[in-house]
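Each remark here refers to the structure printed beneath this line.
Just so you know, these numbers use all the heavy atoms, side chains as well, and skip hydrogens, waters and symmetry mates.
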Amino acid sequence: MTVSDLAFSSPRFLALIEGIGLTGSWSCTFAGDEQVWSDGRYHLLGLEPGGIRPNYEALRGFVHHEDRPAIETAAQIMQSGVLQNSTFRIVRPDDSVRTLSSRAEVLVSPAGRPIGASGLVLDITSAR
């Protein structure tokens, strides 16, 4: 066995981190609003993995109504090519409120046009 045999693969490492229950990841393409949510992302929202079709408007539906104005729309992200790091509250189906911190990057085509994004969401409720 060598040291390289001990290294985590990215998917294994992500699964280990998400297993703690405080983080989730996602990615999307802007054309067609195709999204992929990790199991951790679903759990942060209080859902079973695969419980809903992942899309940006569904996610915005979980955002606390007072925090929605601060969250960009998909159209704003596509137009500006920028996705701001943000902190916002969500309301889960059981009416519990959690505070999430989101960090993301926009992916661009060789021509410089925004084509998608990927990011990480961290539950910071207990830090508040």
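- Within the 4.5 Å cutoff, the side chain of Ile124 has heavy atoms near those of the Thr87 side chain.
- Between the side chain of Ser38 and the main chain of Ser25, a donor-acceptor pair closer than 3.5 Å is present.
- With rounding to the nearest 0.5 Å, the separation of OG1 in Thr99 from CZ in Phe88 is 10.0 Å.
- Scanning for side-chain hydrogen bond (donor to acceptor under 3.5 Å, both in side chains) contacts around Thr29 gives an empty result, with sequence neighbours left out.
- A pairwise comparison of heavy atoms in Arg60 and Arg68 identifies O-NE, 3.0 Å as the closest pair.
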Next item on the list: Would you please test Glu105 and Ser118 for side-chain contact (heavy atoms from CB on, under 4.5 Å) and show each step?
Entry: CA-CA 6 Å; Glu105 66 179 3; Ser118 60; 3.9 Å; yes
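- In this structure Asp94 satisfies the side chain to side chain contact (heavy atoms under 4.5 Å, CB included) test together with Arg92, Ser96, sequence neighbours excluded.
- Among residues two or more places apart in sequence or in another chain, the side chain to side chain contact (heavy atoms under 4.5 Å, CB included) test is passed with Leu47 by Tyr42, Leu45, Ile52, Phe62, Pro93.
- The two atoms that bring Asn85 and Arg103 nearest to each other are CG-CD, 3.2 Å, heavy atoms only.
- Counted within 6.0 Å of CZ on Arg113, heavy atoms from surrounding residues, nucleotides or ligands total 12 or fewer; the atom is thus considered open.
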Next item on the list: Evaluate side-chain contact (heavy atoms from CB on, under 4.5 Å) for Val121 paired with Trp26, printing each intermediate quantity in order.
Entry: CA-CA 8 Å; Val121 181; Trp26 58 272; 3.9 Å; yes
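- Applying the side-chain hydrogen bond (donor to acceptor under 3.5 Å, both in side chains) test to Ser109 and every residue at least two apart in sequence or in another chain returns nothing.
- A distance of 10.0 Å separates SG in Cys28 from CD in Glu34, rounded to the nearest 0.5 Å.
- For Thr23, the side chain to side chain contact (heavy atoms under 4.5 Å, CB included) partners at least two apart in sequence or on another chain are Ile17, Glu18, Leu120, Leu122.
- Every residue two or more places apart in sequence or in another chain that forms a side chain to side chain contact (heavy atoms under 4.5 Å, CB included) with Glu66 is listed here: His64, Arg89.
- Interatomic distance, CG of Leu44 versus CG of Leu59, reported as 10.5 Å (0.5 Å rounding).
- Trp37 and Leu107 fall into different hydrophobic clusters, defined by Ile, Leu, Val, Met, Phe, Trp and Tyr side-chain heavy atoms under 4.5 Å apart, directly or through other members.
- With hydrophobic clusters built from ILVMFWY side chains whose heavy atoms lie under 4.5 angstrom apart, Val91 does not share a cluster with Val63.
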